[in-house]
Amino acid sequence: MKCRSQLNIPMHEFAPGLLYFPDFYSRVEQETLANELREAVKAAPLFVPLMPRTGKPFSVRMTNFGVLGWVSDRERGYRYEATHPYTGHSWPAIPDLVLRAWRDTGGYPHEPEACLLNFYDVTARMGLHQDRDEAALDVPVVSISLGDSCLFRIGGDTRGGKTRSFKLHSGDVLVIGGASRLAFHGVDKIFPATSTLLPNGGRINLTMRRVNKAG
Ligand code: MD3
Ligand code: FE
């Protein structure tokens, strides 16, 4: 397997375990990705997850690819499921071009089980949260941004601590592992009309994860 040091991909370490790969995907690759995602979303339509207990809807719409997908509803809360909550079908496969980011940046020798797609219209946000629904908390999360730029915020392992903000742009890849894996993070703002990739605007974020240990 070729690792990042053999591929000479520019990278900045924003914080321990938080690796930033600006413009990982070229414009042509981003267009291919957007077209592949459009097809996959026809098979696994975007849905609005609901908060556990309160049933409050997320402002972000979601779907998933891979063996397992992240879902949430009022009664059963956050969890990974093998099938789409409305169609009942297995999630579509993770596109190869998406897997390339995992293989070239994540430094983990096994394939991801889950790929969550978050779609933000220009008014959507994601509040500060930790990602801890995975048993494999030692494996990095690999995130791909497409479409309009956003303001991403990340803090430490406790709520209410100091946070830092970064802009993420279309084609960028972020790897979150090590000391950053349990950091609180969120998306404060989408910057409208900052990309021409998605004809109707908005932002797509893909996050690939290992859910279960080993394998
Ligand atoms: C930092 N997504 O899906 S991606 C999520 O842009 C999520 O849609 C955001 O937070 C988005 O859970 C942020 C970057 C990211 C992903 C996972 C992380 C940052 C993270 C896990 C731990 C710490
Ligand atoms: Fe998250």
Side-chain angles (χ1 to χ4, degrees), residues 25 30 32-103 105-106 108-121 124-127 129-147 150 173-177 181-182 185-187 198 200 202-215:
Y25 289 107
Q30 293 172 45
T32 304
L33 272 173
N35 289 333
E36 289 180 350
L37 296 174
R38 206 169 284 123
E39 286 308 307
V41 167
K42 286 182 190 166
L46 294 171
F47 61 91
V48 179
L50 304 177
M51 298 285 288
R53 293 178 295 280
T54 63
K56 184 179 183 295
F58 280 63
S59 63
V60 173
R61 292 189 291 157
M62 299 181 177
T63 190
N64 293 273
F65 313 122
V67 174
L68 292 172
W70 187 90
V71 299
S72 178
D73 54 39
R74 182 199 287 255
E75 296 76 20
R76 299 179 62 201
Y78 304 154
R79 64 201 188 274
Y80 282 91
E81 295 277 3
T83 56
H84 188 288
Y86 295 101
T87 69
H89 298 143
S90 302
W91 305 104
I94 305 175
D96 273 332
L97 195 51
V98 173
L99 284 173
R100 214 183 82 200
W102 175 273
R103 293 179 184 140
T105 69
Y108 186 73
H110 304 287
E111 299 285 280
E113 294 163 287
C115 177
L116 171 64
L117 183 155
N118 294 327
F119 177 76
Y120 296 77
D121 66 27
R125 308 273 181 271
M126 191 175 290
H129 66 278
Q130 285 176 302
D131 288 19
R132 50 189 316 156
D133 303 318
E134 303 80 24
L137 287 174
D138 52 331
V139 183
V141 174
V142 175
S143 147
I144 302 168
S145 294
L146 294 170
C150 78
V173 169
L174 197 60
V175 177
I176 311 96
R181 181 63 181 78
L182 286 175
H185 60 281
V187 173
L198 307 175
N200 299 320
R203 171 174 182 265
I204 290 171
N205 180 260
L206 297 160
T207 46
M208 285 173 278
R209 304 147 197 266
R210 276 304 296 189
V211 177
N212 299 304
K213 285 185 169 281

Inter-residue atom distance [X].[atom1] - [Y].[atom2], 0.5 Å rounding:
X: S143; Y: N205; atom1: OG; atom2: CG; result: 4.0 Å
X: E113; Y: M208; atom1: CD; atom2: CE; result: 13.5 Å
X: L37; Y: C115; atom1: CG; atom2: SG; result: 8.0 Å
X: S72; Y: F47; atom1: OG; atom2: CZ; result: 9.0 Å
X: N64; Y: T207; atom1: CG; atom2: OG1; result: 8.0 Å
X: L206; Y: F65; atom1: CG; atom2: CZ; result: 6.5 Å

Where [X] and [Y] come nearest, the two heavy atoms and their spacing:
X: P57; Y: V48; answer: CB-CG1, 3.7 Å
X: Y25; Y: V173; answer: CE1-CG2, 4.0 Å
X: A44; Y: W91; answer: CB-CE3, 4.4 Å

(message) T63: which residues meet the side chain to side chain donor-acceptor pair (under 3.5 Å) condition with it, sequence neighbours left out?
(response) none
Please enumerate all residues that pass side chain to side chain contact (heavy atoms under 4.5 Å, CB included) together with [X], with sequence neighbours excluded.
X: D96; answer: L99, R103
X: V67; answer: none
X: A34; answer: R38, L197, L198
X: T83; answer: none

(message) If the condition is salt bridge (Lys or Arg N to Asp or Glu O under 4.0 Å), which residues does E39 pass it with, not counting sequence neighbours?
(response) K42
(request) Can you sort out the partners of R100 under salt bridge (Lys or Arg N to Asp or Glu O under 4.0 Å), two or more places apart, ordered by chain and number? (result) E29, D104
Do [X] and [Y] have side chains that approach each other closer than 4.5 Å (heavy atoms only, starting at C-beta)?
X: P112; Y: V142; answer: no
X: V187; Y: R203; answer: yes
X: I204; Y: L33; answer: no

(request) Under the ring-ring contact (aromatic ring centres under 6.0 Å, His included) rule, collect the residues that match up with Y120, sequence neighbours excluded. (result) none
(request) With sequence neighbours excluded, tell me which residues meet ring-ring contact (aromatic ring centres under 6.0 Å, His included) with W102. (result) none
When the side chains of residues 131-140 are checked against the rest of the protein, which donor-acceptor pairs come out under 3.5 Å, sequence neighbours left out?
residue	atom	partner	partner atom	Å
D131	OD1	H129	NE2	2.9
D131	OD1	H185	NE2	3.1
D131	OD2	R209	NH1	2.7
D131	OD2	R209	NH2	3.1
R132	NH1	Q130	OE1	3.4
D133	OD2	W70	NE1	2.9
E134	OE1	R181	NH2	2.8
E134	OE2	Y80	OH	2.6
E134	OE2	R209	NH1	3.2

(request) Please work out whether the ring planes of Y78 and F58 are parallel, tilted or perpendicular, with thresholds of 30° and 60°. (result) perpendicular
(message) Treating H84 as the side-chain partner and P45 as the backbone partner, does any N or O pair qualify as donor plus acceptor under 3.5 Å?
(response) yes
(request) Identify the residue among M62, R76, E81 that makes a side-chain contact (heavy atoms from CB on, under 4.5 Å) with V71. (result) E81
(message) Filter on salt bridge (charged side-chain N to carboxylate O under 4.0 Å, His left out), then keep only pairs touching residues 52-74, sequence neighbours left out; what's left?
(response) D73-R79
(message) I'd like to know whether L117 forms a side chain to side chain contact (heavy atoms under 4.5 Å, CB included) with L46, so could you lay out the CA-CA distance, the side-chain angles of the two residues, the decisive distance to 0.1 Å, and finally the verdict.
(response) CA-CA 9 Å; L117 183 155; L46 294 171; 3.8 Å; yes
